[in-house]
Amino acid sequence: MDNAAPVRFLKGHGTENDFVIIPDPDGTLDLSPEAVARLCDRRAGIGGDGLLRVVRSAAHPEARAMAGEAEWFMDYRNADGSIAEMCGNGVRVFARYLQWAGLADAGDLAVATRAGVRRVHLAKDGDVTVHMGAARLPGGPGPSVTVTVGERSWPARNVNMGNPHAVAFVDDLAHAGDLLTAPAVAPADAYPEGANVEFVVDRGPRHVALRVHERGSGETRSCGTGACAVMVAAARRDGADPAADGAPVTYTVDVPGGRLVITEHADGGIEMTGPAVIVAEGALDPDWFASVRENDRSNG
């Protein structure tokens with residue numbers, strides 16, 4: 001791609017989990033981890049908890065095998081530039097962008113991600129429902145890891161939603177500390193690629209609230225996969241297992257940026273419903289973006 005050509009971007013959020021959106025349908029834009037980190041920088045760039053690159057599945061080597069099911073691939077990056085498998089809020093915002101750009105209509109569509117194809121429903125009322133797939137419990141049905149912040153430690157449940165989570169139930173969300181640095185999780189070999197860590201309190205029957213440290217991003221206002229992991233952990237703690245008893249279960253999950261509704265079905269499938277908003281669009285200054293890319297090359 002010509003470095004002098006303007007690069008379009010948009011800004012969007014899902015329950016205040018915010019993203020820089022880069023449309024790149026033909027997959028011609030090379031975004032290094034350093035460039036992504038600069039774009040997500042809230043002082044030196046646009047600012048976001050992560051970046052969503054919008055690429056046709058057929059144009060991306062990691063998604064070509066899914067092109068028959070999903071036309072579009074969500075190339076998701078954390079705010080530090082690292083690659084992530086999945087982002088639940090990101091999928092909702094990604095789908096909202098496709099609708100905003102006239103690339104999808106209200107109703108059902110499929111989105112390719114590194115965690116597989118995700119089915120999405122764009123409701124006319126503005127909410128977006130994502131079929132998140134089934135949770136895996138690598139450590140078994142009970143707590144299998146320990147989360148530590150300062151002098152406090154809690155047993156936690158290892159839940160995988162296409163990306164890894166450690167879910168700890170606490171008495172007070174303030175006990176999570178500032179979440180600027182990643183909480184310690186043991187044993188270390190339970191999460192060889194690091195973990196997203198959720199701290200959870202009860203708000204009422206089948207109603208919980210969380211704070212989260214997202215791997216590669218720090219504390220965020222919301223985490224969709226984290227909300228799903230929390231719902232599964234809360235349901236198992238409360239004795240609910242739809243795969244075993246055949247009855248779906250729904251939890252309301254409050255995040256700092258809003259509210260999500262999570263349902264687990266008897267087949268193990270999990271649906272997440274919540275808002276997704278496009279708030280701005282623009283173009284990167286060509287000279288600034290060229291300087292970022294040149295700096296990447298000189299540092300490489």
Side-chain angles (χ1 to χ4, degrees), residues 14-17 85-92 113 115-116 118-121 123 127-145 147 154-171 173 176 191 195-215 219-276:
T15 49
E16 298 183 10
N17 194 188
E85 304 92 338
M86 178 53 186
C87 177
N89 288 319
V91 173
R92 294 205 320 280
T113 77
R118 294 292 181 259
R119 306 289 171 182
V120 180
H121 181 78
D127 275 350
V128 182
T129 297
V130 181
H131 297 261
M132 298 288 288
R136 292 190 295 109
L137 302 174
S144 61
V145 296
V147 169
W154 303 268
R157 196 179 298 261
N158 185 342
V159 183
N160 192 290
M161 286 299 309
N163 58 358
H165 297 267
V167 180
F169 292 91
V170 300
D171 294 327
L173 291 178
Y191 298 98
N196 304 285
V197 183
E198 287 81 24
F199 297 86
V200 188
V201 296
D202 290 299
R203 292 289 190 234
R206 295 188 176 178
H207 184 183
V208 296
L210 68 81
R211 288 179 63 199
V212 57
H213 177 95
E214 285 200 61
R215 177 186 54 168
E219 182 172 16
T220 60
R221 299 283 293 169
S222 181
C223 177
T225 56
C228 293
V230 164
M231 178 269 160
V232 171
R236 299 301 180 274
R237 179 202 63 176
D238 296 342
D241 185 350
D245 57 35
V249 61
T250 297
Y251 277 69
T252 298
V253 181
D254 292 341
V255 297
R259 175 168 289 179
L260 297 166
V261 177
I262 316 294
T263 298
E264 185 180 17
H265 294 277
D267 65 359
I270 296 171
E271 291 180 342
M272 173 184 63
T273 299

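Along the sequence shown, residues carry numbers from 1. Keep in mind that this is a model prediction, so the values were computed, not measured.
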Pair Glu271-His131, side-chain donor/acceptor within less than 3.5 Å | yes
Keeping the roles fixed (side chain from Asn163, backbone from Glu85), state whether a donor-acceptor pair exists under 3.5 Å.
-> no
Mark yes or no for whether Asn160, through its side chain, and Gly162, through its backbone, hold a donor-acceptor pair below 3.5 Å.
-> yes
How close do Trp154 and Ala168 get, heavy atom to heavy atom, and via which atoms?
-> CB-CB, 4.1 Å
Do Asn17 and Glu214 have side-chain heavy atoms sitting under 4.5 Å apart?
-> yes
Any side-chain heavy atom of Leu137 within less than 4.5 Å of one from Val159?
-> yes
Answer whether the closest heavy-atom distance between the side chains of Thr15 and Pro275 falls below 4.5 Å.
-> yes
Taking the side chain as every heavy atom from C-beta outward, state whether Asp238 and Tyr251 have any pair of such atoms under 4.5 Å apart.
-> yes
Minimal heavy-atom distance between Val167 and Ala233, with the atoms involved, is CG1-CB, 3.8 Å
With distance as the sole test, does Asn196 use its side chain to make a donor-acceptor pair with the main-chain N or O of Pro164 at under 3.5 Å?
-> yes
What are the two closest non-hydrogen atoms of Ala115 and Met86, and how far apart are they?
-> CB-CB, 3.8 Å
Compare all side-chain heavy atoms of Asp241 with those of Arg236 and state whether any distance is below 4.5 angstrom.
-> yes
Looking only at heavy atoms, what is the nearest atom pair of Gly88 and Thr225, with distance?
-> N-CG2, 3.6 Å
Arg118 side chain to Thr113 backbone, donor-acceptor under 3.5 Å = no
Val249 and Met231: CA distance, side-chain angles, deciding distance, side-chain contact (heavy atoms from CB on, under 4.5 Å) verdict = CA-CA 9 Å; Val249 61; Met231 178 269 160; 3.3 Å; yes
Do Arg215 side-chain atoms and Ala195 backbone N/O form a donor-acceptor pair below 3.5 Å?
-> no
Distance, nearest 0.5 Å, that separates OG1 of Thr263 from CE of Met272 | 11.5 Å
Heavy-atom distance under 4.5 Å between the side chains of Val230 and His165, does that happen here?
-> no
Quick one: does Val147's side chain get under 4.5 Å of Phe199's, heavy atoms only?
-> yes
Is the side chain of Asp267 donor-acceptor paired with the backbone N or O of Gly269 at a distance under 3.5 Å, no angle test?
-> yes
